[in-house]
Amino acid sequence: MRRPRYIDPFQPAEIRRLVGEFGSPLLILDCERVRVQLRKLKKALPRVDLHYALKPLPHPAVVATVLAEGASLDLATSGEVHLARRLGVDPARCIHTHPIKRPADIANALEFGVRLFVADNPDEVRKFAHLTDRAELLLRVSFRNPGAMVDLSRKFGCDPEDLLELARLAADLGVRVSGLSFHVGSQVRDAARHVEAVNACMKLMRAARRERLGSFDVLDIGGGFPIDYAQPVQDIGRFCAPLRAALAPLPRRVRVIAEPGRYIAGPAAIGVATVMGRARREGHWWYYLDDGLYGAWSGQLFDHARYPVEPLRDAAERLPSVLAGPTCDSIDVIAENLMLPQLKVGDLVVGRAMGAYTWACATEFNFFPKPTVVAVNRRPGDAGGVMSVGECAA
Ligand SMILES: *Cc1c(COP(=O)(O)O)cnc(C)c1O
């Protein structure tokens, strides 16, 4: 079968064509860019098994593309398990990493066939006491990271000092522990915390093995890999160099896992919105778009991200402008103090790097619908490829 020629869906002509076909607002997802991100991360961390964390963009096209590239999945909720099941994913390629689960979440994941789970406290370990032949655990350790845009070690994770005690409890209950995991935070500036965490985990794993508390031959280094927004970051090869060095002394039998989310999905999608009205207020042009902070741009609130934004129209003269979302709420402003060409009703505005934590956390406040996801450059053979272009995970 011949592969169709690659058409870059982020080019203006293609953006206009897709809006013409699917309407506005859109989230244009380029599966080829998903592949590129996966390959770059794989090259930067050659000995690490990549499990895409669905949370930032739980869309079937991303899942299918990730699997076709040979990577695996990191599931965290019953909804994500359901999506994986619906797409016919092999459960052996899935891990479940939510540290706090309802009994039904555990049951759903087990029934699907997931085996490896995460726990970070005694009560959660006890939930597996009657499942010793069906499940294994990673114990999640917390390493605080005040430098990350999102510090995930405040809410989850066992203090390193309490880890051996937790591992002893698991051993007493007959719960198998295969290793440790951590997640130092999302969109981190450099890999210093990852490196500290790897070193600390290596010590803990040695100590736990000495006490025969489990096999401790899996180390899950979580996500956090950064991407360019308005602020550029180190390229992934440089970012991962110290991490590669930290992982090098690990014995070969230790399987290393990472759970990248943002790095895979973020650069793979753009948001497209249409100017639905405009007004001049106090010397500024206000443009009201059909997507905003309650929609795909919600990441500016929840995820503290700043997406590079530009209209498709260009002109030499630029005027002080404000881009606002469609809802009746005054906080629904995407960007102020921009210098933009004068826009007209119907003009398109594009946000870059909008794949992660955007559509996934969008609301439909005021009944403004979330953007439609249009997945392009899918491959017919990919799992889940039966779904038509534009279909959403919901
Ligand atoms: C959110 C999350 C991820 C993905 O993090 P990114 O920073 O987007 O790579 C991975 N693992 C767990 C447990 C998470 O909660």
Side-chain angles (χ1 to χ4, degrees), residues 7-37 52-66 79-80 83 227-230 261-276 289-303 305-312 323 325-327 332 334-335 347-378 384 387-394:
I7 298 171
D8 184 355
F10 296 179
Q11 290 305 310
E14 210 41 31
I15 294 172
R16 287 198 182 90
R17 191 185 71 74
L18 290 168
V19 170
E21 188 173 349
F22 296 100
S24 172
L26 281 188
L27 192 83
I28 302 178
L29 166 64
D30 181 7
C31 295
E32 186 56 28
R33 282 179 166 87
V34 171
R35 293 180 197 107
V36 167
Q37 290 303 103
Y52 169 63
L54 263 67
K55 173 179 70 189
L57 187 56
H59 191 278
V62 184
V63 173
T65 305
V66 162
E80 292 177 1
L83 176 60
I227 62 167
D228 288 346
Y229 288 106
R262 180 191 309 278
Y263 186 79
I264 306 304
I270 58 173
V272 187
T274 302
V275 176
M276 49 181 223
L289 308 180
D290 58 5
D291 193 10
L293 285 206
Y294 286 92
W297 300 79
S298 56
Q300 293 201 166
L301 285 178
F302 294 134
D303 191 38
R306 272 276 158 193
Y307 310 109
V309 59
E310 81 225 21
L312 281 194
L323 291 178
T327 69
D332 190 4
I334 292 169
D347 276 359
L348 300 182
V349 172
V350 174
R352 306 269 162 188
M354 285 187 68
Y357 307 110
T358 52
W359 174 79
C361 47
T363 74
E364 300 206 329
F365 177 51
N366 250 195
F367 288 146
F368 284 103
K370 295 187 199 204
T372 304
V373 180
V374 181
V376 295
N377 295 315
R378 304 176 77 156
M387 237 148 299
S388 67
V389 157
E391 185 173 334
C392 300

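- Scanning for side-chain contact (heavy atoms from CB on, under 4.5 Å) contacts around Pro12 gives Arg16, Leu312, with sequence neighbours left out.
- Checked against side-chain contact (heavy atoms from CB on, under 4.5 Å), Ala360 has the following partners two or more places apart in sequence or in another chain: Pro58.
- Closest heavy-atom contact between Asp303 and Ala356: OD2-O, 4.4 Å.
- Scored by the side-chain contact (heavy atoms from CB on, under 4.5 Å) test, Ala273 finds Leu289, Asp290, Asp291 as partners (sequence neighbours excluded).
- Separating the OG1 atom in Thr65 from the NE2 atom in His59 is a distance of 10.0 Å, to the nearest 0.5 Å.
- Judged as a ring-ring contact (aromatic ring centres under 6.0 Å, His included), and not counting sequence neighbours, the contacts of Phe365 are Tyr294.
- Judged as a side-chain contact (heavy atoms from CB on, under 4.5 Å), and not counting sequence neighbours, the contacts of Pro9 are Tyr6, Glu14, Leu18, Ile28, Asp30, Arg33, Val376, Asn377.
- Here the shortest heavy-atom pairing between Met276 and Pro326 reads CE-CB, 3.5 Å.
- In this structure, Pro267 and Asp228 have side chains that are not in contact, with every pair of non-hydrogen atoms separated by 4.5 Å or more.
- Taking CG of Asp332 as the reference point, atom CG of Leu301 lies at 9.0 Å (rounded to 0.5 Å).
- Ser24 approaches Val19 most closely through the heavy-atom pair CB-CG1, 4.1 Å.
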The test is side-chain contact (heavy atoms from CB on, under 4.5 Å); show your working for Tyr52 and Val34 and say whether it passes. CA-CA 11 Å; Tyr52 169 63; Val34 171; over 6 Å; no
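- Between Gln300 atom CD and Tyr229 atom OH the span is 10.5 Å, to the nearest 0.5 Å.
- For the atom pair Lys370 NZ and Thr358 OG1, the distance stands at 9.5 Å (nearest 0.5 Å).
- Listed here is the closest heavy atom pair of Gly292 and Ile334: CA-CD1, 3.9 Å.
- Interatomic distance, Tyr357 OH to Phe302 CZ, rounded to the nearest 0.5 Å: 13.5 Å.
- In this structure, the salt bridge (charged side-chain N to carboxylate O under 4.0 Å, His left out) partners of Asp347, at least two apart in sequence or on a different chain, are Arg313.
- Within the 3.5 Å criterion, the main-chain N or O of Pro369 finds no donor-acceptor partner in the side chain of Glu364.
- In this structure, the separation between CH2 on Trp359 and CG on Leu26 is 13.0 Å, given to the nearest 0.5 Å.
- With respect to Glu310 and Arg352, a salt bridge is recorded, a charged nitrogen being found less than 4.0 Å from a carboxylate O.
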